[in-house]
Amino acid sequence: MKHLTLGQLARSTGLARSSLLHYEALGLLRPAGRSAGGYRLYGDEEVERLQAIRSYREAGLSLAAIGELLEEHPGGTAQLLERQLFELNAEIARLRAQQKRLATLLAQPELRDSRRPRGKAEWVELLRKAGFDDDDMHRWHAEFEADAPDTHAAFLRSLGLSEAEISKIRHWSTSA
């Protein structure tokens, strides 16, 4: 491959010139050399390095972490990626807890929009759109029932459910 200028590299990768210059300022990407006119030139090795940078960014790594990875510490790559994976898992757990809390808040009678009553089917659809699967819904009901049984019952009534169905859902909520 022939060498690419900064502009050509930017166009071929879809990245902004400013991003490439930022990567250079951080020491993540360096030109292979310069042309007679002083233009930065990038070869195959730099393009591969840029692809690695993009791949790590898409995986959610910070530029500082990418810098560590690119320094090629033996065994460090796997450790850093594992750490990122565990941090991501913790963030997902935090977001899932927030999601459940928001659903619980939406179920509070004083926060529900009385002008727009929502039935069971609409509520289930809302939770599905929010990413809840059957197990998530069961856990949500179980936590709601354990934390605020009267409010949970009032919520179920607000969905227009019969007392028999409310009783069934509340029993299901307390089962393992």
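For reference, positions follow the sequence shown, starting with 1.
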Rounded to the nearest 0.5 Å, what's the gap from [atom1] on [X] to [atom2] on [Y]? Could you check?
{"X": "Ser167", "Y": "Glu163", "atom1": "OG", "atom2": "CD", "value": "8.5 Å"}
{"X": "Leu69", "Y": "Leu28", "atom1": "CG", "atom2": "CG", "value": "10.5 Å"}
{"X": "Glu143", "Y": "His138", "atom1": "CD", "atom2": "NE2", "value": "11.0 Å"}
{"X": "Leu80", "Y": "Leu85", "atom1": "CG", "atom2": "CG", "value": "11.5 Å"}
{"X": "Lys100", "Y": "Leu105", "atom1": "NZ", "atom2": "CG", "value": "14.5 Å"}
{"X": "Thr13", "Y": "Ile53", "atom1": "OG1", "atom2": "CD1", "value": "10.5 Å"}

Minimum heavy-atom distance between [X] and [Y], given as atom pair plus value:
{"X": "Ser35", "Y": "Leu41", "answer": "N-CD1, 3.5 Å"}
{"X": "Arg30", "Y": "Glu46", "answer": "O-CG, 3.1 Å"}
{"X": "Gly131", "Y": "Arg96", "answer": "O-NH1, 3.6 Å"}

hydrophobic_cluster_shared for [Y] and [X], side chain cutoff 4.5 Å:
{"X": "Leu95", "Y": "Leu102", "result": "no"}
{"X": "Leu159", "Y": "Ile166", "result": "yes"}
{"X": "Leu161", "Y": "Trp172", "result": "yes"}

Atom pairs and distances, side-chain donor-acceptor, residues 147-156, under 3.5 Å, sequence neighbours left out:
{"from": "His152", "atom 1": "ND1", "to": "Glu145", "atom 2": "OE1", "distance (Å)": "2.5"}
{"from": "His152", "atom 1": "NE2", "to": "His141", "atom 2": "ND1", "distance (Å)": "2.7"}

Considering residues at least two apart in sequence or located in another chain, which fulfil the side chain to side chain contact (heavy atoms under 4.5 Å, CB included) criterion with [X]?
{"X": "Ser12", "answer": "Leu4, Leu9"}
{"X": "Glu45", "answer": "none"}
{"X": "Ala142", "answer": "none"}
{"X": "Gln51", "answer": "Val47, Glu48"}

#### Entry: Contacts of Arg128 that satisfy side-chain hydrogen bond (donor to acceptor under 3.5 Å, both in side chains) - sequence neighbours left out
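Arg128 satisfies side-chain hydrogen bond (donor to acceptor under 3.5 Å, both in side chains) with Asp134 once adjacent residues are dropped.
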### Task
Can you sort out the partners of Thr104 under side-chain hydrogen bond (donor to acceptor under 3.5 Å, both in side chains), two or more places apart, ordered by chain and number?
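Residues passing side-chain hydrogen bond (donor to acceptor under 3.5 Å, both in side chains) with Thr104: Trp140.
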### Query
Are Arg170 and Phe144 in a cation-pi setup, meaning NZ or CZ lies under 6.0 angstrom from the ring centre and within 45 degrees of the ring axis?
no
Without placing hydrogens or testing angles, list every side-chain donor-acceptor pair under 3.5 Å for residues 15-26, not counting sequence neighbours.
{"from": "Glu24", "atom 1": "OE1", "to": "Arg40", "atom 2": "NE", "distance (Å)": "2.6"}
{"from": "Glu24", "atom 1": "OE2", "to": "Arg40", "atom 2": "NE", "distance (Å)": "3.4"}

### Query
Does the side chain of Gln8 come within less than 4.5 Å of Tyr42's, by heavy atoms?
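With C-beta onward as the side chain, the pair stays apart.
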### salt bridge (charged side-chain N to carboxylate O under 4.0 Å, His left out) partners for Arg139, two or more places apart
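Asp136.
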### Task
Using the test salt bridge (charged side-chain N to carboxylate O under 4.0 Å, His left out), find all partners of Lys168 that sit at least two apart in sequence or belong to another chain.
none
### Remaining members of the apolar cluster that contains Phe86, side-chain heavy atoms under 4.5 Å
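Its cluster mates, by chain and number: none.
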Taking distance alone, no hydrogens or angles, what donor-acceptor pairs closer than 3.5 Å link side-chain atoms of residues 56-63 to residues at least two apart or in another chain?
{"from": "Arg57", "atom 1": "NH1", "to": "Leu61", "atom 2": "O", "distance (Å)": "2.9"}
{"from": "Ser62", "atom 1": "OG", "to": "Ala65", "atom 2": "N", "distance (Å)": "3.0"}

